[in-house]
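Remarks on the structure that follows.
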Amino acid sequence: MKATITIILTLCFYMNTIAQNCDDVLFMKKDAKLTYTDYNKKGKKLGETLHETISITQTGEIYTALIKATRIDDKNKETFTTNFKTECNGGLFKVDMMRFFNYDKISEKQQNNLELDITGDVLEFPTNNNAGDLLNDGHITLKLNNQGFTLVTMSFDIKNRKIVGEENITTPAGTFNCQKITFDFESKFGILKIKGRGVEWYYDNVVVVKSESYNKKGKLTNYHQLTNIQ
């Protein structure tokens, strides 16, 4: 799982406080760019994903960021591009499950003239939480269709998300005081099924700084981390 998917906060105050909470988050600024680098278990670079905030819109007390995700392989070639949304409402952040999907799996399967059908949940990250609190589960399904026929179905589930504490995490992008969250995941690509466990560290309770994936035997399989902020 090169996902980390990735969503997002609670607390209701007055209107100006709501705006302050939303504006303070790194990706809730137009033209913000966050680069994530993926590595295998031995630390070899596998590729990068650039998250660029295309727009910020407001409807009442709800602020929505449209983010463009561009996958770049280890040869510096763009292989896949998609958009996902994050929403801030009274300090509660919600992030599309598409944020956490394995884009490499899509680019491997996608071919010319195929349609991508996506249905999924959002993950929520409240601010007023403590170690031991449980967070919501999430599911996403993607279907690659050709002229009305589904060629392959891919899905990703995150369950048992739990806040376990706080840690300082240092990456090439800086040092961040993060909230640490553990979870179980299950991914399906056609007939292939993979189960495992993930650990993620979030800055401001919602910005992924580092994500690690482990197989069902508890061994590290891959990880990714925030490596650049613009």
Side-chain angles (χ1 to χ4, degrees), residues 1 3-34 36 49-69 82-103 116-131 133-142 155-164 176 178-187 198-211 224 226:
M1 170 189 118
T4 34
I5 113 257
T6 174
I7 313 163
I8 309 180
L9 304 162
T10 106
L11 269 175
C12 280
F13 295 115
Y14 301 104
M15 185 62 187
N16 60 346
T17 306
I18 294 172
Q20 181 67 36
N21 286 344
C22 296
D23 291 346
D24 285 345
V25 176
L26 290 174
F27 53 72
M28 294 298 290
K29 299 176 177 64
K30 189 177 183 300
D31 299 325
K33 295 180 181 179
L34 306 183
Y36 290 90
T49 303
L50 174 63
H51 290 178
E52 180 178 3
T53 303
I54 303 302
S55 65
I56 302 290
T57 57
Q58 179 185 356
T59 304
E61 298 181 352
I62 300 175
Y63 292 77
T64 302
L66 178 64
I67 299 176
K68 177 182 178 182
T82 189
N83 293 335
F84 66 89
K85 293 181 179 180
T86 67
E87 178 183 293
C88 179
N89 183 4
L92 173 65
F93 278 84
K94 300 179 180 180
V95 180
D96 287 352
M97 277 288 292
M98 192 63 187
R99 160 64 180 84
F100 305 99
F101 203 81
N102 186 337
Y103 299 149
L116 186 61
D117 181 23
I118 305 172
T119 56
D121 301 325
V122 297
L123 292 183
E124 299 179 348
F125 294 85
T127 53
N128 57 340
N129 47 37
N130 301 290
D133 288 351
L134 298 178
L135 303 176
N136 73 314
D137 297 339
H139 171 83
I140 185 171
T141 296
L142 293 87
S155 66
F156 183 62
D157 288 272
I158 293 178
K159 300 178 179 179
N160 304 319
R161 288 198 302 146
K162 183 178 181 180
I163 300 169
V164 296
F176 306 86
C178 295
Q179 186 177 75
K180 183 179 180 180
I181 295 177
T182 60
F183 59 93
D184 299 321
F185 69 84
E186 179 177 304
S187 60
V199 183
E200 293 185 333
W201 290 264
Y202 289 87
Y203 175 63
D204 280 346
N205 292 348
V206 62
V207 180
V208 179
V209 171
K210 187 175 182 180
S211 176
H224 79 208
L226 180 64

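Interatomic distance, Asn83 CG to His51 NE2, rounded to the nearest 0.5 Å: 11.0 Å. Summarising the geometry, atom NZ belonging to Lys85 is positioned 7.0 Å from atom OG1 belonging to Thr57; distances are rounded to the nearest 0.5 Å. Residue Lys68 holds its NZ atom at 12.5 Å from OG of Ser55, rounded to the nearest 0.5 Å. Taken to the nearest 0.5 Å, the CE atom of Met97 stands 4.0 Å off from the CD1 atom of Ile158. Separation of atoms CD1 (Ile56) and SG (Cys22) is listed at 9.0 Å; rounding is to 0.5 Å. Here Ile118 contributes atom CD1 and Ile140 contributes atom CD1; the two are 6.0 Å apart, rounded to the nearest 0.5 Å.
Residues satisfying the side chain to side chain donor-acceptor pair (under 3.5 Å) test with Thr53, not counting sequence neighbours, are none. Residues satisfying the side chain to side chain donor-acceptor pair (under 3.5 Å) criterion with Asp157, sequence neighbours excluded, are His139. Under the rule for a side-chain contact (heavy atoms from CB on, under 4.5 Å), the partners of Asn160 that lie at least two apart in sequence or sit in another chain are Asp184. Applying the side chain to side chain donor-acceptor pair (under 3.5 Å) rule to Asp137 yields no partners; only residues at least two apart in sequence or on another chain are considered. For Glu52, there are no side chain to side chain donor-acceptor pair (under 3.5 Å) partners two or more places apart in sequence or in a different chain. With sequence neighbours left out, the side-chain contact (heavy atoms from CB on, under 4.5 Å) criterion links Leu134 to Lys162.
Other residues, nucleotides and ligands contribute at most 12 non-hydrogen atoms within 6.0 Å of the OH atom of Tyr203.
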Verdict with reasoning, Tyr63 to Glu87, per side chain to side chain contact (heavy atoms under 4.5 Å, CB included): CA-CA 6 Å; Tyr63 292 77; Glu87 178 183 293; over 6 Å; no
Side chain to side chain contact (heavy atoms under 4.5 Å, CB included) between Thr86 and Asp96, intermediate numbers included: CA-CA 6 Å; Thr86 67; Asp96 287 352; over 6 Å; no
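The two atoms that bring Asp204 and Asp24 nearest to each other are OD2-O, 3.7 Å, heavy atoms only.
A donor and an acceptor atom, one from each side chain of Gln179 and Asn129, are located under 3.5 Å apart.
Ring-plane geometry between Phe156 and Phe101 is classed as perpendicular, the angle between the planes exceeding 60 degrees on a 0 to 90 degree scale with a lower cut at 30.
Because its NZ or CZ atom is not both nearer than 6.0 Å to the ring centre of Tyr202 and within 45° of the ring axis, Arg161 does not count as a cation-pi partner of that residue.
The closest donor-acceptor contact from the side chain of Tyr36 to the backbone of Lys210 lies at 3.5 Å or more, if one exists at all. Looking only at distances, a side-chain donor or acceptor of Asn136 sits under 3.5 Å from a matching main-chain atom of Glu124. A donor-acceptor pair under 3.5 Å is formed between the side chain of Gln58 and the backbone N or O of Gly60. Side chain of Lys29 to main chain of Asp23: a donor-acceptor pair is present (N/O by atom type, distance under 3.5 Å, no hydrogens or angles).
Put simply, the side chain of Leu123 does not reach to within 4.5 Å of the side chain of Leu135, judged on heavy atoms.
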